[in-house]
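Remember, it's a predicted structure, so these values are computed and weren't measured experimentally.
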2 protein chains.
Amino acid sequence: METVPAPKADLSAQIAKAIRDAIVEGRMIVDERLPSEAELAEQFNVSRPTVREALKRLAAQSLIRTQRGAFGGAFVRRLSYEEAYGQQITTSTLLLSMNAVSFEIACEARYAMERACTALAARRRSADHLATMRAEIHRQGQPGLSDESFCASDVAFHRAMVDAAGNPVLSYQLAGAVEAMQPLMNMITFTARSREAIVAFHTRIADAIEARDAAAAETALEELAAYTLELGRGVMAARAKR
Amino acid sequence: METVPAPKADLSAQIAKAIRDAIVEGRMIVDERLPSEAELAEQFNVSRPTVREALKRLAAQSLIRTQRGAFGGAFVRRLSYEEAYGQQITTSTLLLSMNAVSFEIACEARYAMERACTALAARRRSADHLATMRAEIHRQGQPGLSDESFCASDVAFHRAMVDAAGNPVLSYQLAGAVEAMQPLMNMITFTARSREAIVAFHTRIADAIEARDAAAAETALEELAAYTLELGRGVMAARAKR
DNA sequence: TTACATTTAAATGTCTGACAATTTGGATGC
DNA sequence: GCATCCAAATTGTCAGACATTTAAATGTAA
């Protein structure tokens, strides 16, 4: 946390970088307290508002948390899986919305990544995961479900499948990606018939995973991907004609 | 961008949230200029330093950029793939380092995700991607390469493979994940013999992708995953004994 | 001695006001 | 017509002050 003036940047950005480096490189450990704002100001030879701006930058990345009062201050924060993937979702969502990603590309990416989990899920799935999957399937069959709710349940189903793979890193990466793509998936309107078809695919997947049949699960997932893609293409074409 | 006071949070956090929502929900478009700090201060009924802290939070997430001088100000920023996945890398890296993820879990996740790309890569690979892969393979065969450089080249090889799949969303998600895991992969020390084995696997993968043989590529990748895992286990065991 | 209320000090949160630095656009002079 | 200079707008930085919150220290009573 020395005064290393990175060239050409705001002071607050330089200070934020210096502190961030200290954290990332492990020179500061979780829950360790940073010097007070006044002390940091003195160390870096800047004013307190400038230090505060730097700290806010770090807070925005969940790298620190601040606590008011005596013996309060800024503390290095342990990044939890939940927060990390919350951040990933917002970043990915923004990226997709700002860069006009097509439905095809998003759909392809989503199912390609999910495909990575089927083998592990078939091997490790617990009764709990299966129960969640079945529950979501049941929900998807209910009449009167809105398109958005159907979509949300779809995500929940796939998330249960991913979690069944029993690898937290995989869950983190995939759940974030899949959830970020939901707005794009939401563009589809589901007819009663297409819902029925999707539920059938989901049932096949759940059955295969229950039977620990990785190959069958993968096949079903691939067919679901193809079906979803076609469905999306149809919707896009209809929209283009209008 | 109204004054919607979210309960129980810093003023700067509330203001940041209000502006962020305006951007995410599309009420502000790319390159649009935000009101000046003084105007924002008046709108939200706070002082300028408070507004500034809010803006720094947004800047830390690459949501805005600021420009000094007349007709300068804060502008909504288009999030590029590069930045987004830069952010993803730092988040993932931090998450892994702070939460003590085992080598096994990280390795499994990495190869599972890469496996998602082989089929697409075999179908769409261009001469450029192949050339990059071959170049990295050649580099990995050079004697006197440090373990870290070998690892970096390994990442570059796999990244070329992922890019060959021709899906930017997939590249973004995977490259971020794979790169974040590099520190963990760096813990392995490679003997001359193990390097040779890995290069052989890489060659098999490149050959398969060149021949557009998805199944062969997948098999080779799976064997490489198993080999790497075993290698890692060996290193861990040796380290534990010491 | 223990339990509870009070004080106190340290820290962050916020405000005011000012000045510096930087950039743009127009006015001025030739 | 062109170069130069100046003024205005805006962010970047600083200094000092006060408000608010919180935990520890202190004091007090059962």
Whole angstrom is fine here: how far is it from [atom1] in [X] over to [atom2] in [N]?
X: A/L40; N: D/dC14; atom1: CG; atom2: P; answer: 14 Å
X: A/L34; N: C/dA10; atom1: CG; atom2: C1'; answer: 16 Å
X: B/Q14; N: C/dG13; atom1: CD; atom2: C1'; answer: 12 Å
X: B/D10; N: D/dA19; atom1: CG; atom2: C1'; answer: 14 Å
X: A/E37; N: C/dA10; atom1: CD; atom2: C1'; answer: 12 Å
X: A/L11; N: D/dT11; atom1: CG; atom2: P; answer: 17 Å
X: B/E42; N: C/dT16; atom1: CD; atom2: C1'; answer: 15 Å
X: A/R33; N: C/dA11; atom1: CZ; atom2: C1'; answer: 7 Å

Measure the [atom1]-[atom2] distance between [X] and [Y] for me, rounded to the nearest 0.5 Å.
X: B/T118; Y: B/E114; atom1: OG1; atom2: CD; value: 9.5 Å
X: A/R20; Y: A/R57; atom1: CZ; atom2: CZ; value: 8.0 Å
X: B/M161; Y: B/L174; atom1: CE; atom2: CG; value: 8.0 Å

Confirm from the modelled atom types if A/R68 and D/dT20 form a donor-acceptor pair under 3.5 Å, side chain to base only.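 Between D/dT20 and A/R68, which were checked side chain against base, a qualifying N/O pair under 3.5 Å is present.
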Where along residues 47-59 of chain B does a heavy atom come under 4.0 Å from DNA chain C, residue by residue in number order?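 Heavy-atom contacts with DNA chain C come from B/S47, B/R48, B/P49, B/T50.
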Specify the closest pair of heavy atoms between B/S171 and B/D163, including all atoms of both residues, with the distance to one decimal.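 Minimum heavy-atom contact is OG-OD1, 2.9 Å.
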For A/R65, report the nucleic acid contact type (base, sugar-phosphate, nothing); a contact means any heavy atom under 4.0 Å. nothing
Which of these passes salt bridge (Lys or Arg N to Asp or Glu O under 4.0 Å) with A/D154: A/R110, A/R159, A/R139?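 One option only clears the test, and that one is A/R110.
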Report the nucleotide, chosen from C/dG25, D/dT11, C/dA10, that has the shortest atom-to-atom distance to any side-chain atom of B/T66.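 Of C/dG25, D/dT11, C/dA10, D/dT11 is nearest to the side chain of B/T66.
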Answer yes when B/R52 and A/D10 have at least one side-chain N-carboxylate O distance shorter than 4.0 Å, and no when they do not. no
Side-chain donor/acceptor of B/S92 to backbone N/O of B/I89, under 3.5 Å: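 Checked: no pair found.
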